[in-house]
Student: 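Got a structure for you, questions after.
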Amino acid sequence: MKTDTTGASEITAKQNKLTIKGVEASKKLAENDLNQMEKYKSKIIKVGKAKQMDPAVIAAIISRESRAGAVLKDGWGDNGNGFGLMQIDKHYHTPAGAWDSEQHLAQATEILIDYYQAVKAKFPKWSPEQQLKGGISAYNAGVKNVRSYEHMDLGTTGDDYGNDVVARAQWYKSNGY
């Protein structure tokens, strides 16, 4: 909740047919996914507790990656390269479990935590909130893409991944996740 964020870029907002951008657009996108997200809430909370990751962050990644599953075809997205609610890239990881399973969410959350730990090691002077935002950005584009706090999202999808996910996570946190 304390992490600063600029929210969704105009690119991300326009892809989703919004005329607003920034934090307000991210909140609207998260809100639009809420009904669909409720199907997975208990799994998200269980995995969040088990992995010590805020469930709101998991929900926000699910919202960003798959619109809570709404844009997937048989569990696949990204032209058949991304698997599951959190879109594990088959080129870098072997997907585990069904696309909407607790096993999938646990695997993807472990991947997120690995990226967070790598960003934490790369930028030890960043605050924990900055490190988490960097880890979220790295979840999309890799640790080497995170070169500075101010520009961590350059090279991510829409050049806004970390900022958009953080804003969505803040919305989900204030709405029961």
Student: Does any part of the side chain of Lys21, heavy atoms only, come nearer than 4.5 Å to the side chain of Ser9, both counted from C-beta?
Tutor: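 A side-chain contact is absent here, since even the closest heavy-atom pair is not under 4.5 Å.
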Student: Using ring centroids (six-membered ring only for Trp), state whether Phe83 and His93 fall under 6.0 Å.
Tutor: no
Student: I'd like to know whether Asp164 forms a salt bridge (Lys or Arg N to Asp or Glu O under 4.0 Å) with Lys27, so could you lay out the CA-CA distance, the side-chain angles of the two residues, the decisive distance to 0.1 Å, and finally the verdict.
Tutor: CA-CA 9 Å; Asp164 180 33; Lys27 288 178 179 179; over 6 Å; no
Student: List the steps, then state whether salt bridge (Lys or Arg N to Asp or Glu O under 4.0 Å) holds for Glu129 with Lys2.
Tutor: CA-CA 7 Å; Glu129 293 82 13; Lys2 294 185 281 183; 3.6 Å; yes
Student: Nearest 0.5 Å, please: how far is CG in Asp54 from CE in Met1?
Tutor: 9.5 Å
Student: Is the side chain of Ser26 donor-acceptor paired with the backbone N or O of Ala8 at a distance under 3.5 Å, no angle test?
Tutor: yes
Student: Specify whether Tyr161 and Tyr139 have parallel, tilted or perpendicular ring planes, treating 30° as the upper limit for parallel and 60° as the lower limit for perpendicular.
Tutor: parallel
Student: May I ask you to check whether over 12 heavy atoms, not counting those of Lys90, lie within 6.0 Å of atom NZ?
Tutor: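 More than 12 heavy atoms, drawn from other residues, nucleotides or ligands, come within 6.0 Å of this atom.
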Student: Is it the case that the side chain of Lys49 and the backbone of Ile44 share a donor-acceptor pair, with hydrogens and angles ignored and the cut-off at 3.5 Å?
Tutor: no
Student: Between Arg168 and Asp33, is there a side-chain heavy-atom distance shorter than 4.5 Å?
Tutor: yes
Student: Side-chain contact test, heavy atoms from C-beta onward, threshold under 4.5 Å: evaluate it for Asn16 versus Arg67 and give yes or no.
Tutor: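 Result yes, sub-4.5 Å side-chain heavy-atom pair found.
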Student: Between Thr157 and Arg64, is any pair of side-chain heavy atoms under 4.5 Å apart?
Tutor: yes
Student: Determine whether a donor-acceptor pair (N or O, by modelled atom type, separation under 3.5 Å) exists between the side chain of Gln130 and the backbone of Thr3.
Tutor: no
Student: Let me have the donor-acceptor pairs involving side chains of residues 112-121, under 3.5 Å, with sequence neighbours excluded, atom names and distances please.
Tutor:
none

